[in-house]
Amino acid sequence: MPLDKMKDLSLEGSMTRSETDEVGGVLLPKRVCDRWDQIWNFRARPDDLLIATYAKAGTTWIQEIVDMIQHDGDIEKCKRATTYLRHPFIEWVLPGPFSSDTNGLELAEAMPSPRTLKTHLPVQLVPPSFWEQECKIIYVARNAKDNLVSYYHFHRMNKNMPEPGTWEEFLEKFMAGQVLWGCWYDHVKGWWDAKENHCILYLFYEDLKEDPKREIQKVLQFLEKDLENEVLDKIIHHTTFEIMKDNPMANYTFQPPAVMDHSISPFMRKGACSSVDIYRVLCPFNPPLAGPLRITYVDKNYIHSHSLSLSLWAGLITNFLTILRVPK
Ligand SMILES: Nc1ncnc2c1ncn2[C@@H]1O[C@H](COP(=O)(O)OS(=O)(=O)O)[C@@H](OP(=O)(O)O)[C@H]1O
C-alpha cells in the first residue's frame, strides 16, 4: 500500500470490523462478495503462479521462499516491496476510503508477467481462468489446531476481520466452518483432491518446519529452477521465522495499527508446530448423528477418513477439545 494511503488509514483511528456474506455457502468478507463477479472473471495468465492456502497456514512464509527462489536468493530484490504488493491477494478488497488501485484485483491486473498471486479461496471458488490457463499452484496446508489458534489471534489483532468473540465462541465457529474462507477441512481436502487433475504442489507447514531444505527443493523442482547449494542455504536462512519476524517487508508491520495491532498479537506470533501427537489432527466437522460416524485427520502424506464407534468418537472429540482449550 502506498505510504500516503497508510497515513490516511492510521488517521482514521479505528476501523469497522468486516461484515460477512457468502458465496456458494462459503463465508467471505462482504466487500469480497460484493465484487464477486469481477473476482470470478479474473483473467489468469499462463505463466502466473498461484499460492493458495487456508488463512494462517504459512502463506507469507511460502511467499518469501518463492520470491527468494525467483530472485536467485537476492535479498535486496526481495525487499523491493511488502508481501502485499509483491504478490497481489486476488480476492482482497480494502475498505471504503482507499482507492481501488490497492485492491488485489487491480494490483494483479497492473502487474507485468510473470506474476505470483495469493489466494485463500477454497478450490471450488478459484476463478476458472486459472484452470483454463493451466497455471502452476502451490498449496500449503497446516494442521487444524495450530491453524485455528493462529487464526483466532489474527482476528484479535486485525481489525479487517470480523470480531472473533471469546476463544470458545471462535472454536465453535471454526468447527462449524462459519469463519472467513469457510471450513478448514473442506479447504485442505478440496485442494488435496484437486491435485489429481491439476498442476498443484501440495506442501505441509509441518514439513517445511521439519526440513526446510527438502521442502524448498520440492519448490525448486516444481518451478523448474536450479540453484547452487549456497543460494539454497541463503534462502533457508532468510526465510526462518526469526529472520522474517524482523523483516519489515514480510512481517506486516507495514500495516498501520488501526488495521493490524501487533501489540495485541504480532502477525509473526510463534511460527511453531504442535507436538507430533497433536499433529494427527482430528477434525470433528462431520456431525456424529448425521450418517455413519467418521473421523477425519491429516498426517504427513494423507487425509484419512475412518468409521468409528460412538464411544471412540466421544473420547476422541473430548481429547480434541481439551487440546484446543489452551490457545497460548
Ligand atoms: N518463516 C516462518 N516460519 C514459520 N512460521 C511462519 C513463518 N512466517 C510466518 N509464519 C507463521 O505463519 C502464520 C501466518 O500465516 P499466513 O502467512 O498464512 O497468514 S495470512 O493468512 O497470510 O494472513 C503465523 O503463525 P502463528 O505464529 O502460529 O500465528 C506466522 O508466525
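As the structure is a computational prediction, the values presented were derived from the model and not from experiment. Ligands are counted one by one from 1 in listed order, and the atoms in each one are counted from 1 as well. The chain is numbered in sequence order, starting from 1.
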Would you compute the distance between atom [atom1] of [X] and atom [atom2] of [Y] and round it to the nearest 0.5 angstrom?
X      : Y      : atom1 : atom2 : value
His71  : Ile69  : NE2   : CD1   : 12.0 Å
Glu134 : Ser129 : CD    : OG    : 12.5 Å
Phe154 : Met157 : CZ    : CE    : 6.5 Å

For [atom], find the nearest protein heavy atom and state the residue, atom name and distance (0.1 Å precision).
atom                    : value
atom 27 (O) of ligand 1 : Lys270 N, 2.6 Å
atom 20 (S) of ligand 1 : Lys56 NZ, 3.7 Å
atom 30 (C) of ligand 1 : Phe267 O, 3.8 Å
atom 17 (O) of ligand 1 : Thr60 OG1, 2.5 Å
atom 31 (O) of ligand 1 : Phe241 CE1, 3.2 Å
atom 1 (N) of ligand 1  : Thr239 O, 2.8 Å

Quick check: [X] and ligand 1, any N/O pair under 3.5 Å apart?
X      : value
Phe154 : no
Thr59  : yes
Tyr54  : no
Asp146 : no
Thr53  : no

For the pair His198 and Trp131, name the ring-plane relationship: parallel under 30°, tilted 30 to 60°, perpendicular over 60°. tilted
Under a 4.0 Å N-O cut-off, is there an ion pair linking [X] with [Y]?
X      : Y      : answer
Lys213 : Asp233 : yes
Arg43  : Glu132 : no
Asp67  : Arg80  : yes

Side chain, backbone, both or neither: which part of [X] has a heavy atom under 4.0 Å from ligand 1?
X      : answer
His153 : neither
Met244 : side chain
Lys118 : side chain
Thr240 : backbone

Which of the listed options, Arg142, Met260, Lys245, holds the heavy atom that is closest to atom 25 (O) of ligand 1?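 Closest candidate by heavy-atom distance is Arg142.
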Who gets closest to atom 26 (P) of ligand 1 by heavy atom: Ser150, Ala272, Ala55?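 Looking at heavy atoms only, the winner is Ser150.
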Could you tell me whether the side chains of Thr119 and Glu91 share a donor-acceptor contact shorter than 3.5 Å?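 Distance-only check passes for Thr119 and Glu91.
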Below 4.0 Å from ligand 1: does a non-hydrogen atom of Glu64 turn up there or not?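 Checking ligand 1 against Glu64, which is what was asked, there is no heavy-atom contact under 4.0 Å.
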Consider ligand 1: state whether an atom of it lies below 4.0 angstrom from any non-hydrogen atom of Tyr252. no
Please say whether the positively charged group of Lys195, taken as NZ for Lys or CZ for Arg, lies over the ring of Trp191, i.e. under 6.0 angstrom from the six-membered ring centre and within 45 degrees of the axis.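 Not flagged: Lys195 not positioned over aromatic ring of Trp191.
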Quick check with a 6.0 Å cut-off and a 45 degree axis cone: is Lys56 positioned over the face of Phe267's six-membered ring?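 Output yes; distance and angle both within limits.
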Evaluate the criterion salt bridge (charged side-chain N to carboxylate O under 4.0 Å, His left out) for residue pair Asp72 and Lys225; output intermediate values, then yes/no. CA-CA 9 Å; Asp72 302 315; Lys225 286 276 287 190; 2.7 Å; yes
Side chains of Asn251 and Lys245, heavy atoms from C-beta outward: is any pair under 4.5 Å?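 Result no, sub-4.5 Å side-chain heavy-atom pair not found.
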